[in-house]
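Just the heavy atoms: all of them, side chains too, but no hydrogens, waters or symmetry mates, feed the values below.
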Amino acid sequence: MGNKFLDSTLLDRAIVFAVKAHANTERRGKGFPYIVHPMEAVEIVATMTSDQELLAAAALHDTVEDTDVTLDDIRKEFGDRVAKLVEEESDKFMEGVSEADSWHDRKQAAIDRLGAASRDAKMVALGDKLSNARAIYRDYVLQGDELWKIFHVTDKAEHEWHYRGLVRALSDLAGTFAFAEFDSLVQKVFGDPKPELVDMADYEESGDGFTAVSYNHKGGDKMMKLYAPFIPLTDPLRELNVAKNLLNKGINIPAALRLVTDGKRIGVEFERIHPKKSFARAISQEGDKLEIYAREFARECKKLHSTPCDTALFKPTNERFIDALDKIDFLDETQKAKVREFIDSVPQSTTCIHGDLHIGNIITNGEKNFWIDLSAFSYGNPLFDLGMTYFVAHMGDEAMCQKLYHISMEQMFKVWEVFVGEYFNGTETVDSANEKLKPFAGLLAILYSSWGTVPPGTMDLVQSILSK
């Protein structure tokens, strides 16, 4: 069967134009024609979009920067949108920066400009940057740190700073294969990130805890969590890597930007979502939209539970409950064996599990939803996760529900009813879902009991396991 017809007239013309513009030019230090680089950029952008104007801009992205072609030439041949995309990718059009400025200052301006660019412009830029990163990685494998001597700036630390800045600027594209590859290559060349010193005068404390303190940036678009000095570097580094891993899988969470330090403490800087409110808060303020939020919550849960998890980075969720059994004393060994037997009977899975799945741990800015509080993120059978949703709907009282979720128990029951219908798509009734998930809520009660206090109703939940 032949390939189906696709009108590629615009891209074809852009490729021919680029070939002529870059004719008889070598890709610096590579020994092959320059046109190979923009063609690779086109291939990369094509993994993210089929938009012919974006693909054309990728083919043309260096013509104005490195040849005699002008922006007016691009506009005349390919239109305003392609010309605008090429302009956004060309450093020569940056305002307030000149060749007289230092390399560092010019690159900082370029990073800032890219971070504020449109998603379309970022896709074209990622085509360029990933092509460059591939070349650097290949040379680094062969030459090691001798590689940096061919650049005008020979300090590897400066190149690391630049590329990590590009990763942050392009983080809107997390979830694409191209961004995941770019992030991975930066990690392979430069290793684990080093904490970057921040000016605490730019931040205001927003929350205090035993292991970490949170701060909001006065600019409003960032926040950071600094761990206590006794917390090892491995903890914030894992938090950074976990967040990047989830973003690259297309799971919406606030982007983790970089490791930071105030000189004594180390932590992670995050994107700050604003304005924002949790689904729980939204339901409390817009009661007439309860069903809308409950259905949206169910859809987000189904999306999460259909996402394969990185089993090298995360632990199986059932281990939490097995470990908890060793720490409680209100069950005898025969009963504990029965609980272990139940855990072992649950079909195994490697899909993503939030670990604390309820309407308080998903926020929205009105356009996009984000999962938060990912400390228990793991992999396993989604039934373990749904046990938490059941637990929240059935095991509290009015005061607790109002305090933690800002809604009444009646509203929480209604959320649960709508959730069951949407999540199970009619294959489970509320009663059958309750029967299926009550034992998993029992596992949570055991887990919470292992922390020191036995929640009310624990034995009733655990009995649903023991009676199986």
Side-chain angles (χ1 to χ4, degrees), residues 115-116 118-119 122 171-176 206-207 214 216-217 219-225 239 242-257 268-307 351-377 382 385-386 388-393 396 401-408 410-423 425:
S118 66
R119 183 178 178 86
K122 289 182 179 181
S171 61
D172 288 355
L173 301 178
T176 65
S206 59
S214 298
N216 288 333
H217 192 274
D221 60 344
K222 294 177 290 188
M223 60 85 64
M224 68 177 176
K225 180 168 70 174
E239 183 168 21
V242 163
K244 286 188 173 184
N245 180 280
L246 297 182
L247 281 169
N248 284 334
K249 289 186 175 297
I251 297 173
N252 289 338
I253 62 171
L257 303 176
V268 181
E269 186 177 64
F270 293 91
E271 167 192 21
R272 186 181 176 197
I273 308 299
H274 65 95
K276 68 172 177 65
K277 52 183 158 184
S278 69
F279 276 30
R281 180 70 73 179
I283 292 170
S284 74
Q285 296 174 349
E286 307 171 79
D288 59 323
K289 295 183 179 179
L290 182 150
E291 289 196 22
I292 294 174
Y293 283 109
R295 293 186 190 282
E296 182 68 8
F297 177 56
R299 288 191 289 268
E300 292 287 358
C301 291
K302 289 173 73 172
K303 179 181 176 182
L304 178 68
H305 292 158
S306 65
T307 304
T351 56
C352 289
I353 297 295
H354 183 280
D356 195 12
L357 192 73
H358 57 72
I359 56 175
N361 277 341
I362 184 169
I363 62 174
T364 182
N365 62 3
E367 298 178 356
K368 193 174 180 180
N369 305 322
F370 302 83
W371 292 108
I372 60 172
D373 290 349
L374 305 172
S375 60
F377 204 93
D385 231 4
L386 297 177
M388 179 63 190
T389 316
Y390 171 95
F391 189 96
V392 167
C401 199
Q402 289 284 356
K403 178 180 179 180
L404 297 180
Y405 308 107
H406 324 294
I407 61 177
S408 67
E410 181 181 358
Q411 287 175 302
M412 185 63 82
F413 285 137
K414 181 63 177 177
V415 169
W416 174 247
E417 290 175 356
V418 176
F419 176 89
V420 168
E422 183 71 27
Y423 185 93
N425 196 29

Is [X] salt-bridged to [Y], going by a charged N under 4.0 Å from an acidic O?
X: R299; Y: E422; value: yes
X: E410; Y: K414; value: no
X: R295; Y: E300; value: no
X: K122; Y: D172; value: yes
X: K225; Y: E269; value: no

Any side-chain heavy-atom pair from [X] and [Y] closer than 4.5 angstrom?
X: K277; Y: I363; result: no
X: W371; Y: C301; result: yes
X: T307; Y: I251; result: yes
X: N245; Y: V242; result: no

Separation between [atom1] of [X] and [atom2] of [Y], rounded to the nearest 0.5 Å:
X: L247; Y: N252; atom1: CG; atom2: CG; result: 8.0 Å
X: S284; Y: I407; atom1: OG; atom2: CD1; result: 8.0 Å
X: M223; Y: S206; atom1: CE; atom2: OG; result: 5.0 Å
X: N365; Y: H274; atom1: CG; atom2: NE2; result: 9.5 Å
X: H305; Y: D385; atom1: NE2; atom2: CG; result: 3.5 Å
X: H217; Y: R272; atom1: NE2; atom2: CZ; result: 11.0 Å

- Item | Closest heavy-atom pair and its distance - A243, A256 |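 In terms of heavy atoms, the two residues are closest at CB-CB, 3.4 Å.
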- Message: If I compare all heavy atoms of A255 with all of S171, which pair ends up nearest, and what's the gap?
- Response: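 Heavy atoms only, the tightest pair is CB-OG, 4.3 Å.
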- Message: What verdict does the side chain to side chain contact (heavy atoms under 4.5 Å, CB included) test give for F279 and T364, after you've listed the backbone C-alpha separation in whole Å, the side-chain angles of each residue and the deciding distance to 0.1 Å?
- Response: CA-CA 7 Å; F279 276 30; T364 182; 3.9 Å; yes
- Intermediate values then yes/no, side chain to side chain contact (heavy atoms under 4.5 Å, CB included), V392 and Y390: CA-CA 6 Å; V392 167; Y390 171 95; over 6 Å; no
- Message: Students often mix this up, so state it plainly: with edges at 30° and 60°, are the rings of F297 and F419 parallel, tilted or perpendicular?
- Response: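 Tilted: the ring planes of F297 and F419 meet at 30° to 60°.
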- Message: Quick one about N361 and D356 (side-chain donor to acceptor, distance below 3.5 Å, no hydrogens or angles considered), yes or no?
- Response: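 D356 vs N361: donor-acceptor pair found between side chains.
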- Message: Can you confirm whether the side chains of Y405 and Q411 place a donor and an acceptor under 3.5 Å from each other?
- Response: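 No, Q411 and Y405 have no side-chain donor paired with an acceptor closer than 3.5 Å.
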- Message: Evaluate R119 against L173 for side chain to side chain contact (heavy atoms under 4.5 Å, CB included), listing each step before the verdict.
- Response: CA-CA 8 Å; R119 183 178 178 86; L173 301 178; 3.6 Å; yes
- Query: Under the 3.5 angstrom rule, does the side chain of T389 hit a backbone N or O of L357 as a donor-acceptor pair?
  - Reply: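 Judged by distance alone, yes, a pair lies under 3.5 Å.
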- Any donor and acceptor pair, going by atom type alone, linking the side chain of H354 with main-chain N or O of A376 inside 3.5 Å?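 No; zero donor-acceptor contacts below 3.5 Å.
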- Task: Any chance you could lay out the side chain to side chain contact (heavy atoms under 4.5 Å, CB included) test for K302 and Y423, step after step, and finish with the verdict?
- Result: CA-CA 7 Å; K302 289 173 73 172; Y423 185 93; 3.3 Å; yes
- Message: With a sphere of 6.0 Å drawn around NZ of K276, does it hold more than 12 non-hydrogen atoms of other residues, nucleotides or ligands?
- Response: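 Counting other residues, nucleotides and ligands, NZ of K276 stays at 12 neighbours or fewer.
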